A.B. asks: 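Provided herewith is a single structure, encoded as structure tokens, for subsequent inquiry.
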Amino acid sequence: MSTRYDVIVVGGGHAGTEAAWAAASILGRDGRVALVTMDPSRIGTMSCNPAIGGLGKGQIVREIDALGGMMGLAADASGILFKVLNSSRGAAVRGPRCQSDKYAYRAEVQRLLSRQHSISVVAGRIDRLLVDSTGAIEGVLVPPGGGLVEADRSVLELNRCRTARAQPVFPPEPLEADRFVEPTRLLARSVVLTTGTFMRAIMHTGPTTTEGGRAGEGSAVGISGMLRELGFELGRLKTGTPPRLLRGSIDWEDLEPQFGDPQPIPFSDLTDPESFPELRQVDCRLTRTDPSSHELIRANLHRAPMHSGAIDAESGPRYCPSIEDKVVRFPDRDSHHVFLEPESLFCDEVYCNGISTSLPADVQEHVVRSMPGCSAAEILRWGYAVEYDMVRPHQLDATGMTRLVRGLFLAGQINGTSGYEEAGGQGLVAGMNAARLALDLPLETLSRDQAYIGVMMDDLVTRTPREPYRMFTSRAEHRLLLRSDNADQRLTDWGHERGLVDEVRWSAWRSRATELERIRALCEQRVAGAPSVAELMKRQDQTPEAISRVCSARWGIDFPSSLLDRVVTEYRYEGYIRRQASEVKRQRRNESMRIPRELDPQSIHGLRNEARDALRRYRPATLGQAGRVEGITPADLTLISLAIRGGGGVAPRTR
């Protein structure tokens, strides 16, 4: 039995849903996209922290939205606490973040997918990748018995609830899944693998182990073996999640509250900001661990697989460490902050942000109940660690396609990243290029000076992550150009030209662009005896609110604050922005110099062995990318450049 599609996406998490959405957007109504997942009711699940965005991550969400993706829309529809991090600092390092209702988020993702009629959901596991004799992907094999799993009751209950905005949660149309009772070949020229933490996954709570990549779900055992057979180099990583508590058992009012912004700012350009003040926002509470729990953790490190070495993995996330790692790394600290974050408006679950752990249940119970406000806390689910296989991402190029198998794309945690946002950005790139390959169009990449997504893709293919990769503003050397407020300016026209952005979004951006030009033109106008508004904007003592009052007094116009704030940033940092733009132009000269695929590193005279090995391993596409590869120095770059220009080390081209 065979069924043919244009693109097959394996996995229904944040990478898989964005990949399917992007591919369907490009292929149009006549396209055929298969979304293969073990349990269709879990599509769009927030498996760990119920939050979207943050420092660096919020910029990625804004970029996904500017390129026509789903994540910003789903976050706006389900957010219950919105806050711009670093709001008191410069615009380049501000990060929009929202805490989401995790059930509403999942329901909204499923609703959005149900609107894409070219996406078909297939319930089942992938048994094999099908590769032809030329090394190109042909499709996947689904074993028998992959029938539709009964929908999760929490989602069905949620669809009968109402949100704080007095609007019904958009119930997804049934995500009908194809059922197969015999081995089935799904055929396509492009396959996107987004397996998350499920490849050969094992969960650990103390000595107790369970197969699976997420609580209540199984493990994708066969995919790792398939990839090894195809010649891929795999690694193994680990991550963890904290216990969940029953809110009613916490002394909530005795703890310090953490509020969102009084004027929430949406992620998506298609969300009406006027509706946001009506949104009910929840508050989080702040508590902390204490010295007694730290002593108990130290005494039980041998029982914590994340720390004891019982997990067969290289490293966990450095920037989101387990509580056992924190206690060891910071021995002088007698407490660590823990943020208690409600997971939904429709349940009493609370996420303990700050104590991810693999410790056994008895130790977790002591740690939780020693925290202020939690002496009688009821633990709904124990924290656990998960170890899983990943593919070393130097085996990809920045389009998301693997170098070993043409037409096979990888996105998300399979590439060694962490976080919903990083997964979504990779999924968008991989889905876009999978569809372009199916249409015989050239594959596309985003550059480091164009998007945080471009920074991430370049980092992944020029470095081998030894820990889960997480985006930060510090990773972007052009971060003043890559602000969260100008993602549409950078990317929406680009996405529209490539079929990612529909006419509604593009038209909305063109209207905003016209209004921005109008604001800039008015601000440049001089008034007798008074400075122009543009000159006022450059002064640090002039707040955006003060600028708005001046505009209102001079022209009787109340500009949208989001647009006026953007113009203020442009003028205030005008010199720095101009300098970064000049640096980008200089760097593009190197970035645009292609390294021929037939370049023979062994024949480049004077090149160090380490640099030869790095060229063979990473196979950088351009001289600029080679300069970011581990093991290649500026002196090596000079020799490579000479070899390219003079033909040394380059075998005769085959046509």
Side-chain angles (χ1 to χ4, degrees), residues 1-45 68-70 74 106-130 137-152 155 170-196 220 223 407-409 411-412 427-428 430-439 499-500 502:
M1 179 176 173
S2 298
T3 308
R4 180 162 288 282
Y5 296 91
D6 298 303
V7 174
I8 298 167
V9 178
V10 179
H14 304 278
T17 52
E18 292 292 350
W21 182 268
S25 298
I26 289 175
L27 293 167
R29 292 186 65 88
D30 294 332
R32 297 202 67 200
V33 178
L35 178 59
V36 186
T37 180
M38 290 189 283
D39 183 351
S41 74
R42 297 293 189 100
I43 289 173
T45 292
M70 291 192 302
R106 179 166 67 185
E108 179 66 1
V109 168
Q110 293 182 19
R111 184 191 77 87
L112 289 168
L113 286 173
S114 71
R115 290 166 43 190
Q116 286 280 21
H117 298 290
S118 55
I119 297 176
S120 299
V121 177
V122 176
R125 301 171 190 261
I126 296 303
D127 194 38
R128 292 203 66 79
L129 293 174
L130 305 175
I137 200 76
E138 282 188 316
V140 299
L141 184 68
V142 180
L148 177 62
V149 181
E150 182 180 355
D152 189 317
V155 175
F170 303 114
E173 298 171 17
L175 285 172
E176 297 179 0
D178 294 328
R179 310 181 189 196
F180 300 124
V181 294
E182 58 185 84
T184 303
R185 291 158 54 93
L186 307 182
L187 303 178
R189 290 183 60 191
S190 301
V191 172
V192 185
L193 274 186
T194 69
T195 54
I223 296 178
L408 177 61
F409 296 80
L428 186 146
M432 168 186 71
N433 282 315
R436 291 181 69 83
L437 183 69
L439 295 172
L500 286 168
D502 63 19

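All figures in this text were calculated on a predicted structure; none of them were measured in a lab.
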A.B. asks: With sequence neighbours left out, what residues match Thr45 under side chain to side chain donor-acceptor pair (under 3.5 Å)?
C.D. replies: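 Thr45 satisfies side chain to side chain donor-acceptor pair (under 3.5 Å) with Arg106 only.
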A.B. asks: Heavy atoms only: give me the nearest Ser25-Leu500 pair and the separation to one decimal.
C.D. replies: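 Ser25 and Leu500 have their closest heavy atoms at CB-O, 4.0 Å.
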A.B. asks: Can you check whether Val10's main-chain N or O pairs, donor with acceptor, with Thr194's side chain at less than 3.5 Å?
C.D. replies: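 A pair under 3.5 Å: yes.
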A.B. asks: Hey, is the main chain of Gly44 close enough, under 3.5 Å, to the side chain of Gln110 for a donor-acceptor pair?
C.D. replies: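 Side chain of Gln110 to backbone of Gly44, a donor-acceptor pair under 3.5 Å: no, none is there.
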A.B. asks: Which heavy atom of Ala434 sits nearest a heavy atom of Ser190, and at what distance?
C.D. replies: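 Shortest heavy-atom separation between Ala434 and Ser190 comes out as O-OG, 2.7 Å.
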A.B. asks: Tell me, please, which residues at least two apart from Leu439 pass side-chain contact (heavy atoms from CB on, under 4.5 Å).
C.D. replies: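 Only Ile26, Leu27, Leu441 meet the side-chain contact (heavy atoms from CB on, under 4.5 Å) criterion with Leu439.
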A.B. asks: Pair Ile8, Val192 - check side-chain contact (heavy atoms from CB on, under 4.5 Å), show working.
C.D. replies: CA-CA 6 Å; Ile8 298 167; Val192 185; over 6 Å; no
A.B. asks: What residues, two or more places apart in sequence or in another chain, satisfy side-chain contact (heavy atoms from CB on, under 4.5 Å) together with Ala20?
C.D. replies: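 Ala20 satisfies side-chain contact (heavy atoms from CB on, under 4.5 Å) with Val9, Val33, Leu35, Ile119 once adjacent residues are dropped.
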A.B. asks: Under a 4.5 Å cut-off applied to non-hydrogen side-chain atoms, are Leu193 and Leu129 in contact?
C.D. replies: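 Yes, at least one pair of side-chain atoms sits under 4.5 Å.
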A.B. asks: For a side-chain contact (heavy atoms from CB on, under 4.5 Å) with Tyr5, tell me which candidate from Val36, Val122, Val191 qualifies.
C.D. replies: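 With Tyr5 as partner, Val36, Val122, Val191 yield a single side-chain contact (heavy atoms from CB on, under 4.5 Å), made by Val122.
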A.B. asks: Could you pull out all residues at least two apart from Arg185 that satisfy side-chain contact (heavy atoms from CB on, under 4.5 Å)?
C.D. replies: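 Only Ser2, Leu130, Leu141, Leu187 meet the side-chain contact (heavy atoms from CB on, under 4.5 Å) criterion with Arg185.
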A.B. asks: Give, for atom CG of Asp30 and atom NE2 of His117, the distance between the pair rounded to the nearest 0.5 Å.
C.D. replies: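 If we round to the nearest 0.5 Å, Asp30:CG and His117:NE2 are 12.5 Å apart.
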A.B. asks: Let me confirm one number: the CD-CE distance from Glu18 to Met432, rounded to the nearest 0.5 Å.
C.D. replies: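 Spacing of CD (Glu18) from CE (Met432) equals 12.5 Å.
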A.B. asks: I need the full list of ring pair (Phe, Tyr, Trp, His ring centres under 6.0 Å) pairs touching residues 10-38, with sequence neighbours left out, sorted by first then second residue.
C.D. replies: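 Sorted pair list: His14-Tyr105, His14-Tyr420.
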A.B. asks: Distance from Ile43 atom CD1 to Thr17 atom OG1, nearest 0.5 Å?
C.D. replies: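 Output value for this atom pair is 8.5 Å.
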A.B. asks: Could you tell me which non-hydrogen atom of Ala430 sits nearest to which non-hydrogen atom of Ala411, and how far apart they are?
C.D. replies: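 Taking Ala430 first and Ala411 second, the nearest heavy atoms are CB-CB, 4.0 Å.
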A.B. asks: Decide yes or no on side-chain contact (heavy atoms from CB on, under 4.5 Å) for Met70 and Val109, but give the supporting numbers first.
C.D. replies: CA-CA 7 Å; Met70 291 192 302; Val109 168; 4.2 Å; yes
